Peer 1: 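Next up is a structure, given as structure tokens.
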Amino acid sequence: MAWHFDREAGQGLKLISPTLLYVLVMLAAPLLMVITFSFWTQDYLTIDTTPTFANYREAWTTPLYQVLMWRSLKISVIVTGVTVVLAFPIAYYLSFHVKKRKALWLFLITVPFWTSYLLRVFLWKVILGYNGVFNTAFLELGLIQEPLTFILYNLNAVVITLAHAWAPFAILPIFVALEKIDRSLLEAATDLGDSPMRRFFRITLPLAMPGIVAATLIVLIPTVGDFITPRLVGGTDGLMISNMIQIQFGKANNAPLGAALAVSSMVVIGLISAGIFLVGKKLGGRVR
Amino acid sequence: MKWISVKWLTVYAVVYMIFLYAPVILLPLFAFNTSTIIAFPLSGFTTEWFVGLWYTDTLHTALGNSMIVGVTTALVSTLLGAFAARASARFAFPGKTGIVGLIMLPLVLPEIIVAVALLVMLNQLGMPLSLWTVVGGHVLICTPFSIAILSSAYRGLDRELEEASFDLGESRWGTFRRVTLPLVLPGVISSLLITFTISLDEFIIAFFLTGTDVTLPVYIWSQLRFPAKLPSVMALGTILLAVSVLLLILAEALRRRSAARQGVDTTLAGV
């Protein structure tokens, strides 16, 4: 049975090669092409392939794009913060207080995620609208005098909708990290006289940090790329950079500029992600 | 968080679940409501929107397209996922972290980036957009899910079982068929169901990469513009939700059965 010692590396590479090849052709090559494309220019119907920074100059200096980029970052960061903060107590509850039927809880948390994404966003519009579920219910109960208007077609609606859409993605990584915490550490802290609050900040939170960082990145990165939610519930001041990317590739027919906007937002979000990752690594992973 | 009492945490969990389920509960409510306006109060019970779906030909075409895309995506991504999961669970090889990382990348990449990148490449190559280009994109985003599911199935597979089979004179194919496959089969089926469900619901890539043939979510997007069409969209959504939940329960049951067969803890695996 020598084959799995000598030829192990070769066999492993051979086995993974179809998948790797697929990803190289369908992901790596297209991504490189987008980057190349962003240095070209649209000349009405043809593409001028002289390399230039013009698209990037336009992407970074045009006030409209600056506004959209800022707003995208702001919305994504707020959405991520809200989602992760709301998700943490649930993950904590599941890990520490649910003794039986954990799997059932996890399953229940993922079910809403499998409703058609478009319909979920649309239904939030129904809930938050002027004559929506929220307003009718609260008027009926006498909690408000007239329908609230600040909850649809603006940033709030985008934040609520996205915090809902990404909930399971935030809960699961944090839950996994909490599950891994050695319970005897917590007992030791109590025995040594730590108050519950101190114990939480010295042990639970730092050890949960890898999960929190994973949750943050899993929510943050795709949120920047969402253009459905802003379009359906965001109104005009909820539009994000992805809507502009979509417009450039669609109606505006300026794919190179769209590519430059896409690359720019990826670079920015990549840097922010790297920052979060490093900070998380520094803050967590061990008992303080 | 012990300083916050368990009672408050439970209350919070219940409120959070209401938040999660609010849209899901509304979907069937409006699907069975007589009024064409999607608002409260409900006006009466009807099944006419569901009946109407039966006579909408464009919907049937979209459904057929989604089936083609979903089934192909499920088969291809599970096959690619099986290769990668087996390789990473069983072998050590140079560059493993980087290669697996690259393959898992679509999991964190915004879908609009994947869509736009493929669109640029297809345009440059002069390839026409069709259902197959959608499949190409869907396989890319579904393979990581397949790998995640199959990795736990392969990790639970005891290497010695296969070696015992070789020692007892089974051929490699015989070992695969009689030892490996039965043990990972529930994982494979679970992967097929999950990837199919993801593809069935995916909108952004389908929106960018489809030609004249639309998939179900692209069809729904086009219908959302017409207020009169909304109740039937709700009915359609209700059916889709029911089907997705059934498939997921099936996938989850199979995954647990496979884990139980291999004696692995079922609470964490595959999460």
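So that the names make sense, note that chain A is the first sequence line, chain B the second, and so on, each numbered from 1. Quick caveat, the model's predicted, so the values are computed rather than measured.
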Peer 1: If I measure from the heavy atoms of chain B, does A/V126 come under 4.5 Å with its side chain, its backbone, both, or neither?
Peer 2: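 Side chain of A/V126 only, per the 4.5 Å heavy-atom cut-off to chain B.
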Peer 1: Does any heavy atom of chain B fall under 4.5 Å from the side chain of A/R231, the backbone, both, or neither of them?
Peer 2: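 Contact with chain B: side chain only.
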Peer 1: So what's closer than 4.5 Å to chain A heavy atoms on B/V233: side chain, backbone, both or neither?
Peer 2: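 Backbone plus side chain of B/V233, per the 4.5 Å heavy-atom cut-off to chain A.
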Peer 1: Is it the case that the side chain of A/T19 and the backbone of B/L80 share a donor-acceptor pair, with hydrogens and angles ignored and the cut-off at 3.5 Å?
Peer 2: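 Judged by distance alone, yes, a pair lies under 3.5 Å.
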Peer 1: What are the two closest heavy atoms between A/W124 and B/P23, and how far apart are they?
Peer 2: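 Shortest heavy-atom contact: NE1-CG, 3.4 Å.
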Peer 1: What heavy-atom pair brings B/F83 and A/L15 nearest, and what distance separates the two atoms?
Peer 2: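 Residues B/F83 and A/L15, closest heavy atoms: CB-O, 3.2 Å.
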Peer 1: So which of B/I204, B/T238, B/V245, B/N123 has the largest heavy-atom pair count under 4.5 angstrom toward chain A?
Peer 2: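 With the most close heavy-atom pairs to chain A, the winner is B/I204.
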Peer 1: Contact part of A/L24 toward chain B, heavy-atom cut-off under 4.5 Å: side chain, backbone, both or neither?
Peer 2: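 Just its side chain gets close to chain B.
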Peer 1: For A/A259, is it the side chain, the backbone, both, or neither that has a heavy atom closer than 4.5 Å to a heavy atom of chain B?
Peer 2: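 Neither part.
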Peer 1: Would you please test A/F113 and B/V24 for side-chain contact (heavy atoms from CB on, under 4.5 Å) and show each step?
Peer 2: CA-CA 9 Å; A/F113 167 70; B/V24 182; over 6 Å; no
Peer 1: With a 4.5 angstrom heavy-atom cut-off, which part of B/T10 approaches chain A: side chain, backbone, both or neither?
Peer 2: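 Both parts, backbone and side chain.
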Peer 1: Can you tell if the side chain of A/I90 reaches within under 4.5 Å of the side chain of B/L9, non-hydrogen atoms only?
Peer 2: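 A/I90 vs B/L9: side chains apart.
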Peer 1: Which bit of A/Y117 is near chain B, if near means a heavy-atom gap under 4.5 Å: side chain, backbone, both or neither?
Peer 2: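 Both the backbone and the side chain of A/Y117 come within 4.5 Å of chain B.
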Peer 1: Where on B/L122 is there a heavy atom nearer than 4.5 Å to chain A: the side chain, the backbone, both, or neither?
Peer 2: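 Neither part.
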Peer 1: How close do A/M26 and B/M121 get, heavy atom to heavy atom, and via which atoms?
Peer 2: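 Between these two residues, the closest heavy atoms are SD-CE, 4.4 Å.
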Peer 1: Is B/Q124 close to chain A through its backbone or its side chain, or both, or neither, when contacts mean heavy atoms under 4.5 Å?
Peer 2: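 Answer is side chain: those atoms of B/Q124 sit under 4.5 Å from chain A.
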Peer 1: Taking every non-hydrogen pair under 4.5 Å, which of B/L236, B/V139, B/I147, B/L240 racks up the most with chain A?
Peer 2: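 The option with the most such pairs is B/V139.
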Peer 1: As an exercise: rank A/P18, A/A29, A/A262 by heavy-atom pairs under 4.5 Å with chain B and give me the winner.
Peer 2: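 Among A/P18, A/A29, A/A262, the one with the most close pairs to chain B is A/P18.
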Peer 1: At a 4.5 Å cut-off on heavy atoms, which part of A/A255 comes close to chain B: side chain, backbone, both, or neither?
Peer 2: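 For A/A255, neither part sits under 4.5 Å from chain B.
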Peer 1: Most heavy-atom pairs under 4.5 angstrom with chain B, which of A/L27, A/V224, A/L220?
Peer 2: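 When all of A/L27, A/V224, A/L220 are compared, A/L27 has the most.
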Peer 1: Chain B heavy atoms under 4.5 Å from A/Y93: which part of the residue, side chain, backbone, both or neither?
Peer 2: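 Interface part for A/Y93: both.
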Peer 1: Does any heavy atom of chain B fall under 4.5 Å from the side chain of A/L128, the backbone, both, or neither of them?
Peer 2: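 For A/L128, no heavy atom lies under 4.5 Å from chain B.
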Peer 1: Is chain B contacted by the side chain of A/I109, its backbone, both, or neither, given a heavy-atom distance below 4.5 Å?
Peer 2: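 Contact with chain B is through both the backbone and side chain of A/I109.
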Peer 1: With a 6.0 Å cut-off on the ring centroids, do B/W221 and A/F227 count as close?
Peer 2: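 Ring centres of A/F227 and B/W221 not closer than 6.0 Å.
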Peer 1: Can you tell which of B/L200, B/L119, B/I99 has the highest number of heavy-atom pairs within less than 4.5 Å of chain A?
Peer 2: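 The residue among B/L200, B/L119, B/I99 with the greatest pair count is B/I99.
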Peer 1: Against chain A, label B/F19 side chain, backbone, both or neither, depending on which of its atoms sit under 4.5 Å from a heavy atom there.
Peer 2: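 Both backbone and side chain of B/F19 come within 4.5 Å of chain A.
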Peer 1: With a 4.5 angstrom heavy-atom cut-off, which part of B/L230 approaches chain A: side chain, backbone, both or neither?
Peer 2: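 Side chain only.
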Peer 1: Kindly give the heavy-atom pair with the smallest separation between B/G237 and A/L119, and that separation in Å.
Peer 2: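 Closest heavy-atom pair between B/G237 and A/L119: CA-CD1, 3.2 Å.
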Peer 1: For the side chain of B/Y21 and the backbone of A/L108, is there at least one donor-acceptor N/O pair under 3.5 Å apart?
Peer 2: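 Looks like yes, one N/O pair under 3.5 Å.
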Peer 1: Could you report the tightest heavy-atom contact between A/G225 and B/P110, atom names first, then the distance?
Peer 2: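 Here A/G225 and B/P110 meet closest at CA-CB, 3.8 Å.
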Peer 1: Given that the side chain runs from C-beta out, which part of A/L217 has a heavy atom under 4.5 Å from chain B: side chain, backbone, both or neither?
Peer 2: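 Contact with chain B: none, neither part.
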Peer 1: Pick whichever of B/T143, B/T197, B/V114 has the most heavy-atom pairs under 4.5 Å with chain A.
Peer 2: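 Looking at each option in turn, the highest pair count goes to B/T197.
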Peer 1: Please flag which part of B/L216 lies under 4.5 Å from any non-hydrogen atom of chain A: side chain, backbone, both or neither.
Peer 2: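 No part of it gets close to chain A.
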Peer 1: Heavy-atom pairs under 4.5 Å with chain A: which of B/Y12, B/F208, B/F207 has the most?
Peer 2: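 Going by pairs under 4.5 Å, I would pick B/Y12.
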